[in-house]
There are 2 protein chains.
Amino acid sequence: MPTRTAAQQRAQARAEYDAFLASCPSRQLLDRISDKWVALVLAALGSDGPGRPGHDRADAPPAMRYSELARRLTGISQKMLTQTLRSLERDGLVIRTVTPTVPVTVTYELTDLGLSLHRVVRGVKEWAEAHLDEVRASRERYDTARPPG
Amino acid sequence: MPTRTAAQQRAQARAEYDAFLASCPSRQLLDRISDKWVALVLAALGSDGPGRPGHDRADAPPAMRYSELARRLTGISQKMLTQTLRSLERDGLVIRTVTPTVPVTVTYELTDLGLSLHRVVRGVKEWAEAHLDEVRASRERYDTARPPG
DNA sequence: CAGGATCCCGCTAGATACTG
DNA sequence: CAGTATCTAGCGGGATCCTG
C-alpha cells in the first residue's frame, strides 16, 4: 500500500516546475498570465453562449476581430491590446488569422492550450465580480478601524 | 418556457458587476488579484496536505509565520511581501495575528473569503507549472519563424 | 481596419538602512 | 522577528502620430 494516492503521484510527477522558486522558469510564466488584460482577453475569446450572441458555432471558441475585442474591453489602449495578443500568440494560446480583404480583417481565437487556461482564469474574473461587495465591506472596516493618517 | 436556464439566470443576477467595463469597480479588483505575489501568497497559505507537512489541523488552512512565507516565496522582497499581505488583510482575504512573544510572532491565515479565492487562483499557478513546456515550444517556433531583428 | 513607432510620465518594485 | 522608512532606477502603460 503506497503512502501516496495515484492522484498525488500524478500531480507530483507533473510538478517538475515549482513557481515558489524564483529561479524556476514557471515563475516568469506565472507573472505573465497573472495579468488583468490576459484575463480579460481570454475571457472575451472563451466566452460563448448568451454572453456573446451571434457567433457561428455554439461549441467552439468564437473567433473575434481586433476591433470587437477593443470594444469589449473598455478602456484598453491599442498598445496593450496588441501587445497582449502578440504575447498570447507567441505563447501558443491564441491563433491570429489575417484575411486579405480590404481593409484587412484580423481575427483571434483560442487554441486548445488557450482554452485550458481560459477555464482556470475565467474564475478569477468571476470571483472579482461575485465578491466585490464583501471586499469593499472589509476595506471599509479596515480603514475606519485605523484612519489613514 | 423561459429562454434562459435557471443557472444562467443565477449567473446573471450575481453579475451586477462586469469587469469588461473600465468604469466597473470589479475591474480594479481584478487588477489587484491578477498578481504574481497574490497568487503565490494565497497558494502558500492555502496549501495543505503533503505539500506542506507539519501543520496542526489537516482540514483547516494552516497559519504561517511571516518568515515562513518569506522563505517559501523565493526572491520576494520584504517590501512586496508585507505590502501584499497588508492588501490581502484589508480586502478580508487573510487574517493577521500578532502574538506578543519576544521577539513578536506574527502569523497569517486565510479567511473563508480568501480560501474561496485560493481555490480559483491555485489553478493559475498549477497551469503555469503544468504547461510551461508547451508554452516554451510555442515561443521557440514563433521566434524562429520570425527572427528578432 | 489593424496595427507599428515613438515619446514620455508615473508608479512600482527592488535595494538599503533602521527599529520596537 | 517582523516589519517601517527612504531613495531611486526602470519600465509599464497611456497618448499621439503614422501606415499598408
Side-chain angles (χ1 to χ4, degrees), chain A residues 19 21-23 27-41 44-45 63-91 94-109 142 146-149, chain B residues 19 21-23 27-28 30-41 44-45 63-90 94-109 142 146-149:
Chain A
L21 304 168
S23 56
R27 170 74 71 90
Q28 280 88 286
L29 181 55
L30 176 62
D31 196 21
R32 292 230 157 182
I33 63 183
S34 296
D35 176 62
K36 179 182 46 173
W37 299 128
V38 168
L40 289 174
V41 166
L45 289 177
M64 292 182 71
R65 300 186 58 171
Y66 181 88
S67 50
E68 268 185 288
L69 284 166
R71 241 175 290 116
R72 196 87 199 274
L73 278 62
T74 305
I76 192 174
S77 63
Q78 67 287 46
K79 177 183 174 180
M80 286 316 295
L81 181 53
T82 300
Q83 191 171 295
T84 302
L85 287 169
R86 283 287 178 282
S87 177
L88 292 176
E89 186 196 6
R90 191 171 99 101
D91 290 356
V94 307
I95 295 178
R96 178 174 180 268
T97 306
V98 182
T99 308
T101 54
V102 44
V104 74
T105 304
V106 181
T107 62
Y108 294 89
E109 57 187 321
Y142 186 94
R146 2 190 157 175
Chain B
L21 303 168
S23 57
R27 169 75 71 90
Q28 281 87 284
L30 176 62
D31 197 20
R32 292 228 161 185
I33 62 184
S34 297
D35 176 63
K36 177 182 48 174
W37 299 128
V38 168
L40 289 175
V41 166
L45 290 177
M64 291 182 70
R65 302 186 58 169
Y66 181 89
S67 50
E68 267 184 289
L69 284 166
R71 241 175 291 116
R72 196 88 200 273
L73 278 62
T74 305
I76 193 173
S77 63
Q78 69 287 46
K79 177 185 176 181
M80 286 316 296
L81 181 54
T82 300
Q83 192 171 296
T84 302
L85 287 168
R86 283 287 180 282
S87 177
L88 293 175
E89 184 195 7
R90 190 171 101 100
V94 307
I95 294 178
R96 177 173 181 268
T97 306
V98 182
T99 307
T101 54
V102 44
V104 72
T105 304
V106 181
T107 62
Y108 295 89
E109 58 188 321
Y142 187 94
R146 4 189 154 179

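What you see is a predicted model, and the numbers here were worked out from it, not measured in a lab. The chains referred to below are lettered A, B, ... by the order of the sequence lines, with proteins before strands, and numbering in each begins at 1.
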> If you find the nucleotide of DNA chain C closest to B/Pro103 and the one closest to A/Thr107, which residue's nucleotide is nearer the 5' end?
Replying inline: A/Thr107
>> With a 4.0 Å limit, can you tell me whether B/Gln83 has a side-chain N or O closer than that to the phosphate oxygens OP1/OP2 of C/dA13?
In response: yes
>> Would you say A/Ser67 places a side-chain N or O within less than 4.0 Å of OP1 or OP2 belonging to C/dA2?
In response: yes
> Considering only side-chain heavy atoms of A/Arg86, which listed nucleotide, D/dG14, C/dG3, D/dT16, is closest?
Replying inline: C/dG3
> Minimum heavy-atom separation for B/Arg65 to B/Thr107, with atom names?
Replying inline: CG-CG2, 4.0 Å
> In whole Å, what is the span from the NZ atom of B/Lys36 to the P atom of C/dA13?
Replying inline: 8 Å
>> Applying the side-chain contact (heavy atoms from CB on, under 4.5 Å) criterion to B/Ile76, which one of B/Leu81, B/Leu69, B/Thr82 satisfies it?
In response: B/Leu81
>> Donor-acceptor pair, distance only, cut-off 3.5 Å: does the side chain of A/Tyr66 make one with the backbone of A/Gln78?
In response: yes
> Starting at CZ of B/Arg72 and ending at P of D/dA2, how long is that distance when rounded to a whole Å?
Replying inline: 17 Å
> Roughly, in whole Å, what's the span from CE in B/Met64 to P in D/dG3?
Replying inline: 13 Å
> Distance from B/Asp35 atom CG to A/Asp35 atom CG, nearest 0.5 Å?
Replying inline: 10.0 Å
> Roughly, in whole Å, what's the span from CG in A/Leu73 to P in D/dG13?
Replying inline: 14 Å
>> Can you tell me which nucleotide in D/dT4, C/dG14, D/dC1 comes closest to the side chain of B/Gln78?
In response: D/dT4
> Given atom CG of B/Leu85 and atom C1' of D/dA2, what is their separation to the nearest angstrom?
Replying inline: 11 Å
>> Reading DNA chain D from 5' onward, which residue's closest nucleotide shows up sooner: B/Arg96 or A/Ser77?
In response: B/Arg96
> Where the side chain of B/Thr82 is defined as all heavy atoms beyond and including C-beta, which of D/dC1, D/dG3, C/dG3 is the nearest nucleotide?
Replying inline: D/dG3
> For the pair made of CZ in A/Arg32 and P in D/dG13, what is the distance, rounded to whole Å?
Replying inline: 12 Å
> D/dA2, D/dG14, C/dA2: which one has an atom nearest the side-chain heavy atoms of B/Val104?
Replying inline: D/dA2
> So which nucleotide from C/dT6, C/dA13, D/dG3 ends up closest to the side chain of A/Lys79?
Replying inline: C/dT6
> How long is the gap from CD1 on A/Ile33 to NZ on B/Lys36, to the nearest 0.5 Å?
Replying inline: 12.5 Å
> A/Val106 has a side chain; which of C/dA2, C/dC7, D/dT4 sits nearest to it?
Replying inline: C/dA2
>> For a quick test of reading the model, state the closest non-hydrogen atom pair linking A/Met80 to A/Trp37 and the distance between them.
In response: CE-CD1, 3.7 Å
>> Is the phosphate of D/dA2 approached by B/Arg65 (side-chain N or O, under 4.0 Å from OP1 or OP2)?
In response: yes
>> Need to verify one output field. Residue with the more 5' nearest nucleotide on DNA chain D, A/Met80 or B/Tyr108?
In response: B/Tyr108
> Between B/Arg71 (CZ) and D/dC1 (C1'), how many Å, whole number?
Replying inline: 11 Å
> When you check the phosphate oxygens OP1 and OP2 of D/dT4, does a side-chain N or O of B/Tyr66 lie under 4.0 Å from one of them?
Replying inline: no
> What's the CG-C1' distance between A/Leu81 and C/dG3, to the nearest Å?
Replying inline: 10 Å
